[in-house]
Amino acid sequence: VKYDNNLEIGKPFLKDKYIIDATVLRHFSGAKTRVYKMRPKKKTRRKNGHRQELTRVLVQSISVGSKPKKSKELSNRSKLEVKEVIENTLLQLFTVYYEVCRLSEEREIIKSSLEISKTRLERKNTEFEFGQSTKLEVLNAEVDVNTDSIKLLSSIKNLSNAKRDLNLIMNVDLNSNYDLDRNVIYNSKDKISEFYKNAAENNTRLKIYDKSVDISNYELKSIKSTYLPTIGLVGSYDWNESINDNPVSYTHLTLPTKA
């Protein structure tokens, strides 16, 4: 195939980027071929006939197609989509992990607040017994203890649910328990600036959109190609042969005539 001044020869086949548009017209038997064999002075003669099975194909066009390129872009987009799923899973894992850490810190803070409220209630009860405090202050201290107790129960419940979500993402037993490292190390401003600078280049979603645009362009070219003119070539041949081995046919006879 010669395309753009480049000649390509199959070894033994051409690359997949070429598209051949052809139609099978019919299947038929070719002309009969006779093979005659004779051995001199042996009085041996043999004659065989053969008709080759043929297929007539109409080649409408040979062109550089966009389907292989489109398939390649589809494959690349599928790889990017798999990469995006992995990245989203990791992002979800980190989000739930730090949420568990936050709830753990919140639980410790509420526990400390509850201990302070209980100590305050005991002090107010002692002051009330010696007449240095009023009943209203004691009741307010009891309300603070009850409020902190409710907050602690709610925090424990939220922490348990977050741990179950974390175990589900990591595909481990939902009742697994472990210690978390709640120390956070922040990146420097230079690393954060570099991250924002390369965000567009490393954004998997943007790459998927770019591949979708390329695939749409190939589809548009494929649609436009249906409106282009095509060149067709049709050829045919006929061959006739007559063989007569009768020696009488070569004898000239002279018939008598009456005067």
| query | Any side-chain heavy atom of F128 sitting closer than 4.5 Å to one from T134? | reply | no

| field | Audit row: E194, K191, salt bridge (Lys or Arg N to Asp or Glu O under 4.0 Å) steps and yes/no | value | CA-CA 5 Å; E194 184 180 358; K191 288 186 178 180; over 6 Å; no

| remark: Sequence neighbours excluded, the answer for salt bridge (Lys or Arg N to Asp or Glu O under 4.0 Å) partners of E87 is none

| query | By salt bridge (Lys or Arg N to Asp or Glu O under 4.0 Å), which residues pair with D144, not counting sequence neighbours? | reply | R120

| query | Is the count of non-hydrogen atoms from other residues, nucleotides or ligands lying under 6.0 Å from R51 atom CZ greater than 12? | reply | yes

| request: Identify whether the distance between the nearest side-chain nitrogen and carboxylate oxygen of R102 and E105 falls below 4.0 Å. | output: no

| task | Using distance alone, with no hydrogens and no angle criterion, decide if H50 and T33 have a side-chain donor and acceptor under 3.5 Å apart. | result | no

| query | Can you tell me if N167 and S176 form a side-chain donor-acceptor pair at under 3.5 Å? | reply | no

| task | Decide side chain to side chain contact (heavy atoms under 4.5 Å, CB included) for R56 and V24; before the verdict, give the C-alpha distance in whole Å, the side-chain angles of both, and the deciding distance to 0.1 Å. | result | CA-CA 6 Å; R56 179 165 293 176; V24 177; over 6 Å; no

| field | Side-chain (S117) to main-chain (S113) donor-acceptor, under 3.5 angstrom | value | yes

| request: Measure the spacing between CG of N88 and OG1 of T95 and express it to the nearest 0.5 Å. | output: 10.0 Å

| query | Rounded to the nearest 0.5 Å, how far does NZ of K118 lie from OG of S149? | reply | 6.0 Å

| Taking atom OG of S104 and atom NZ of K163, what is their separation to the nearest 0.5 Å? | 5.5 Å

| task | Enter the distance from R77:CZ to E84:CD here, rounded to the nearest 0.5 Å. | result | 11.5 Å

| said: Treating S154 as the side-chain partner and I150 as the backbone partner, does any N or O pair qualify as donor plus acceptor under 3.5 Å? | reply: no

| field | K111: partners by side-chain contact (heavy atoms from CB on, under 4.5 Å), with sequence neighbours left out | value | R107, E108, L152

